Amino acid sequence: MEIAVKINGEQHRHDVEPRTLLVHYIRDTVGLTGTNIGCDTSSCGACTIHLNGESVKSCTMFAVQADGEELLTIEGLAASVNATDGQMHPMQEAFRSCHALQCGYCTPGMVMASVSLLEENPNPNEQEVRQGLEGNLCRCTGYHNIVKAVLECAQGGAK
Amino acid sequence: MSIMGTRVLRKEDPKFLTEGATYTADISHPKLKGAVHAHFVRSTMAHAKILEIDTSEAASQPGVLAVYTAQDIPESVAPAPVMVPVFPPSMMHRPHLATGSVRFVGEPVAVVVAETPAQAADAADLVFADYEPLPAAVGLAQAETDNTVIYEDVGSNTAVDFKNMNMVTGIGEEDIFADCEVVVEHDLINHRTAPAPLEGRSMACVWDDGRLIVWASTQTPHGFRDNLAAVYGLEAENCQVIAPDVGGGFGQKIGITADEIVLPWLSQSLNRPIRWTETRTENLTACGHGRAQLQKVKIGGSQGGQIKAYRLQITGDAGAYTGLGAFLPFYTHLMAPGVYNFPKVETTAKSVVSNTTPTLAYRGAGRPEATAAIERAVDLFAAECGLSPVEVRRMNLISKDSFPYTTPHGTEYDTGDYETALNLALEAADYPALLEEQARRRAQGSVKQLGIGVSVYVEITGGPAPGGQEFAKVEITPEGKAKVYSGSFSHGQGHATTFVSVAADQLGMDIDDIEFIQGDTDLVAEGTGTFGSRSFQFAGSAVYDASRSVVDVAREIAAGLLEANVDDVLVDAEADGFHVAGTPAVAVSWAQVAGAAQEQGKKLMHEGQHHANCTYPFGAHVIVVEVDTETGQVTVPQVVTCDDSGTIFNPNIVEGQRHGGIAQGIAQALTEEVVFDEDGNPITSNFADYGFISAAELPSFKLVPLETPTPHNPLGAKGIGESGAIGATPATQSAVVNALSHLGVRHIDIPLTPERVWQAIVDATAQN
Ligand code: FES
Ligand code: FES
């Protein structure tokens with residue numbers, strides 16, 4: 001089945017099998033491997049991307065369901081806020097300055113989920129951040145610095 | 001100015017944050033073009049005879065190139081070398097694919113190779129294995145009885161009794177508890193948990209003109225290479241292992257697993273590059289688990305709280321084959337008496353096989369089990385004496401001035417200051433205020449009771465004694481920049497930042513002028529890898545040594561250029577080179593020195609192994625819980641830890657290690673447990689069923705700094721990777737019991753599920 005999807009501002013057209021998961025399409029067909037796969041039960045959030053501006057676990061959808069939609073992955077996040085060359089999205093900057101990543105495997109999904117969390121609730125308290133990220137698992141950081149990064153990003157007025 | 005102690009941001013992060021790291025499944029290398037995909041068929045029985053495996057239907061599926069079972073693999077694919085050769089041969093020598101029988105659910109019995117991952121997975125479902133079920137020995141209590149013997153040739157499920165090897169004290173003739181007024185005994189469970197790195201195992205390989213090239217998600221690239229070279233009869237230089245970015249390990253990716261070993265043969269026999277990435281279910285059922293011990297503790301002393309004797313009896317669950325996990329009860333023995341100066345200590349330790357996933361060295365590997373046992377025992381003893389658990393600890397801690405300290409059973413601790421760690425943690429938690437709040441809630445009969453848990457621990461890193469080694473190479477490029485090569489392997493630990501900082505400090509260079517190279521056995525001559533909290537102390541020291549050796553040569557060259565005495569030539573970070581003492585204006589740059597070195601035919605390079613003794617980090621955790629007495633639900637409002645790992649180079653990295661460890665420690669106490677049903681079927685085979693701890697179940701952590709350097713390495717550093725996981729489990733358990741102690745609760749097994757906690761409350765209330 002042929003689908004047309006806009007990913008990170010760029011139009012893509014591909015013939016995909018109806019059963020192909022969106023995450024596999026993004027990784028294997030489009031070749032954007034920043035989005036990771038950490039589970040087989042839609043539990044970990046490593047595959048989180050934005051679909052029409054809202055965060056979604058891309059392993060919970062078929063690629064064909066994204067036909068005609070707009071996707072944003074970690075590779076396009078900085079450009080999506082017109083960050084100038086070498087600059088990152090404020091959430092990416094906050095993750096870096098707070099040392100909110102270690103192995104990096106949860107990171108793209110975690111950053112995408114965090115950006116969307118602040119869009120819904122620009123001024124969350126710690127508990128709201130923790131609840132909001134419940135579906136994104138991290139094995140390395142104990143979440144401490146991730147929560148700190150999100151709160152700092154919120155205080156910086158970033159969206 | 002030294003970078004040491006400053007919060008240098010990680011060099012690897014910009015890439016990780018903007019395009020994502022490059023993990024094994026992300027590798028697109030020209031040599032992997034046209035790669036086929038493997039999918040393993042795994043046993044659905046915990047213990048059974050294999051009668052027949054019918055692969056015909058699977059083999060005829062679209063895209064399928066081949067389906068193999070054990071009998072297809074030629075003998076030339078040798079058995080994997082054994083990591084710790086102290087077990088009966090049949091238990092140690094695991095077949096590449098199950099042969100004759102299966103011994104745990106998840107054991108690979110066949111493998112399908114197809115053009116796409118989906119085709120391979122689909123076809124794998126069509127491989128029919130006919131089994132004759134055998135009784136399964138599941139769980140330690142059952143396996144230990146030998147009612148069901150898994151290895152008939154051995155005749156018993158005991159894989160090793162360390163007493164027979166004189167590696168533990170055993171129980172002596174003399175009753176060590178004879179002069180104790182108070183004696184407490186208890187059985188403890190240190191249940192099975194899953195390391196669960198967010199990236200599972202993944203591998204790709206290709207044969208290139210007789211050379212094997214492998215990309216693998218591993219903590220030990222050189223060990224991985226050595227294993228494959230041994231299995232395939234290759235010279236080490238004909239096997240290249242490249243570990244790209246790796247998404248966590250926690251002990252699960254030390255060495256190599258059976259599944260990974262067969263992939264080069266598949267590639268060879270089909271003459272195609274091959275890829276394999278396990279699913280989460282495979283990771284949770286087939287790769288390996290941690291902990292899994294039953295312990296008996298006995299502790300005795302005076303009514304006033306002076307502890308005189310301690311006995312720890314350990315039975316470890318090796319799972320179906322004896323790997324590293326089967327050896328870990330020995331580590332538990334090593335650290336049995338923890339931070340206390342008990343005059344008498346006795347230990348027994350053995351490992352038993354069972355029809356479950358083999359165990360391995362999960363974060364802490366034997367030491368969390370030791371700490372959990374002794375800390376629980378001390379709490380039980382304090383309760384029996386009617387004394388404060390904090391006071392009893394203080395009374396029995398090894399004092400600051402007794403280091404180096406040798407325990408009665410022979411472990412020599414380097415440096416420590418346990419009481420200060422305890423005091424700092426209690427102070428930061430405001431212990432008096434917590435006690436007051438606890439008393440208030442008790443008096444009010446609040447539904448939510450407050451519990452304060454305390455643990456003090458010491459562990460062994462880079463062990464066992466005498467210690468270990470790691471390789472480093474530092475070289476100066478013709479442009480006057482540097483390259484640092486390490487045999488250690490960061491899979492999240494930030495070597496690219498920390499090790500480069502160590503070199504930058506010695507070389508007087510900017511960290512951005514230093515390139516870091518790891519994880520490619522063609523580029524890094526030797527290596528051991530990252531596990532056991534060993535990296536910074538051994539590998540950091542190796543980088544330090546190599547940098548200094550390079551500086552020695554460079555100073556001589558600089559002295560020539562500056563026409564000065566070499567003793568007067570100093571490294572000058574400002575000048576990116578060297579100057580003469582007292583006259584900073586008279587300087588030469590690294591580039592000039594590099595140029596001169598080339599002209600003089602001198603090499604600005606040093607490589608070598610740094611050997612060092614193991615070290616003993618320590619600390620104290622204070623964890624506060626709220627227990628809902630109506631539902632048994634536990635929440636954790638406060639965590640304070642003081643973890644001393646000697647000299648701290650980059651506080652960000654060290655704190656990050658502590659955070660991750662603390663979370664995993666609390667997870668073991670509260671939410672995470674690998675469960676099998678009585679037939680050996682895994683119940684927690686995915687992230688929907690396994691209680692992987694989330695952000696919502698944890699608070700932020702308050703970390704108290706303390707630095708007691710070790711004399712064992714030039715950096716003064718001890719390991720930090722596992723400390724958090726060691727202190728947090730017993731402190732959490734202690735907190736929950738403490739919350740309910742006024743009801744008469746003395747002990748609840750981990751994990752402290754609401755059901756278990758609720759039951760303990762009901763039982764205690766009924767008894768009163
Ligand atoms: S891979 Fe999508 S939630 Fe885990
Ligand atoms: S940084 Fe490793 S899983 Fe989050």
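Everything numeric in this text was worked out from a predicted model, so none of it was measured. Each chain gets a letter, A, B and so on, in the order its sequence line appears, and its residues count up from 1.
Residues Phe16(B) and Gly104(A) come closest through the heavy atom pair CD2-CA, 3.9 Å. Contact detail for Asn652(B) and His99(A): the closest heavy-atom pair is O-CD2, 3.0 Å. Nearest heavy-atom pair, His491(B) versus Cys103(A), reported as atom, atom and distance to 0.1 Å: O-CB, 3.4 Å. Minimum heavy-atom separation, Cys106(A) to Leu198(B): CB-CD2, 3.4 Å. Here the shortest heavy-atom pairing between Tyr23(B) and Asn36(A) reads CE1-ND2, 3.6 Å. Taking both residues in full, the closest heavy atoms of Ala194(B) and Arg139(A) are given as O-NH2, 2.9 Å, listed atom of the first, atom of the second, then distance.
Among Gly76(A), Gly38(A), Gly34(A), the residue making the largest number of heavy-atom pairs under 4.5 Å with chain B is Gly38(A). When each of Glu697(B), Glu672(B), Glu12(B) is scored by its heavy-atom pairs under 4.5 Å with chain A, the top score falls to Glu672(B). Listed options Ala25(B), Gly656(B), Gly724(B), Ser490(B) were ranked by heavy-atom pairs under 4.5 angstrom with chain A; first place goes to Gly656(B). Your options are Asn145(A), Leu133(A), Thr35(A), Thr107(A), and the one with the most heavy-atom pairs under 4.5 Å with chain B is Asn145(A). Looking only at heavy-atom pairs under 4.5 Å with chain B, the residue among Leu32(A), Val111(A), Thr41(A) that has the most is Thr41(A). Of all the listed residues (Asp13(B), Ile662(B), Thr22(B)), the one sharing the greatest number of non-hydrogen pairs under 4.5 Å with chain A is Asp13(B). For the set Val246(B), Ile693(B), Ile666(B), the count of heavy-atom pairs under 4.5 angstrom toward chain A peaks at Ile693(B). Between chain A and the residues Ser28(B), Gly20(B), Pro195(B), the largest count of heavy-atom pairs under 4.5 Å involves Pro195(B). Note: Leu698(B) leads Leu698(B), Thr279(B), Asn686(B) in heavy-atom pairs under 4.5 Å with chain A.
With a 4.5 Å cut-off on non-hydrogen atoms, Asp245(B) does not touch chain A at all. Contact annotation for Glu199(B): both backbone and side-chain heavy atoms come within less than 4.5 Å of a heavy atom of chain A. Thr141(A) touches chain B through its backbone: at least one of N, CA, C or O sits under 4.5 Å from a heavy atom, while the side chain does not. Heavy atoms closer than 4.5 Å to chain B are found in the side chain of Gln127(A), but not in its backbone. Residue Glu17(A): no heavy atom, backbone or side chain, is found under 4.5 Å from chain B. In this structure, the portion of Tyr143(A) lying under 4.5 Å from any heavy atom of chain B is its side chain and not its backbone. Heavy atoms closer than 4.5 Å to chain B are found in both the backbone and the side chain of Leu137(A). Looking at Thr33(A), the atoms closer than 4.5 Å to chain B (heavy atoms on both sides) sit in the backbone and in the side chain alike. Using a 4.5 Å cut-off between heavy atoms, Leu284(B) makes no contact with chain A at all. At a 4.5 Å heavy-atom cutoff, Cys98(A) makes no contact with chain B through either its backbone or its side chain. Using a 4.5 Å cut-off between heavy atoms, Pro117(B) does not touch chain A at all.
Leu17(B) has its side chain out of reach of Met91(A): every pair of non-hydrogen atoms, C-beta onward, lies at least 4.5 Å apart. With a 4.5 Å cut-off on side-chain heavy atoms, Glu19(B) and Ile74(A) do not count as touching. Looking at Ser700(B) and His144(A), their side chains come closer than 4.5 Å, going by heavy atoms from C-beta outward.
Looking at Thr18(B) and Arg96(A), their side chains never bring a donor and an acceptor atom within 3.5 Å of each other.
Annotation: the span from Glu278(B) atom CD to Asp40(A) atom CG amounts to 10.0 Å, rounded to 0.5 Å.
No more than 12 heavy atoms of other residues, nucleotides or ligands sit less than 6.0 Å from atom CD of Glu54(A).
Using a 4.0 Å cut-off between a side-chain N of Lys or Arg and a carboxylate O of Asp or Glu, Glu75(A) and Lys15(B) do not qualify as a salt bridge.
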Practice item. Give the C-alpha distance, both sets of side-chain angles, the deciding distance and a yes or no for side-chain contact (heavy atoms from CB on, under 4.5 Å) between Ser43(A) and Tyr690(B). Key: CA-CA 10 Å; Ser43(A) 313; Tyr690(B) 185 71; over 6 Å; no

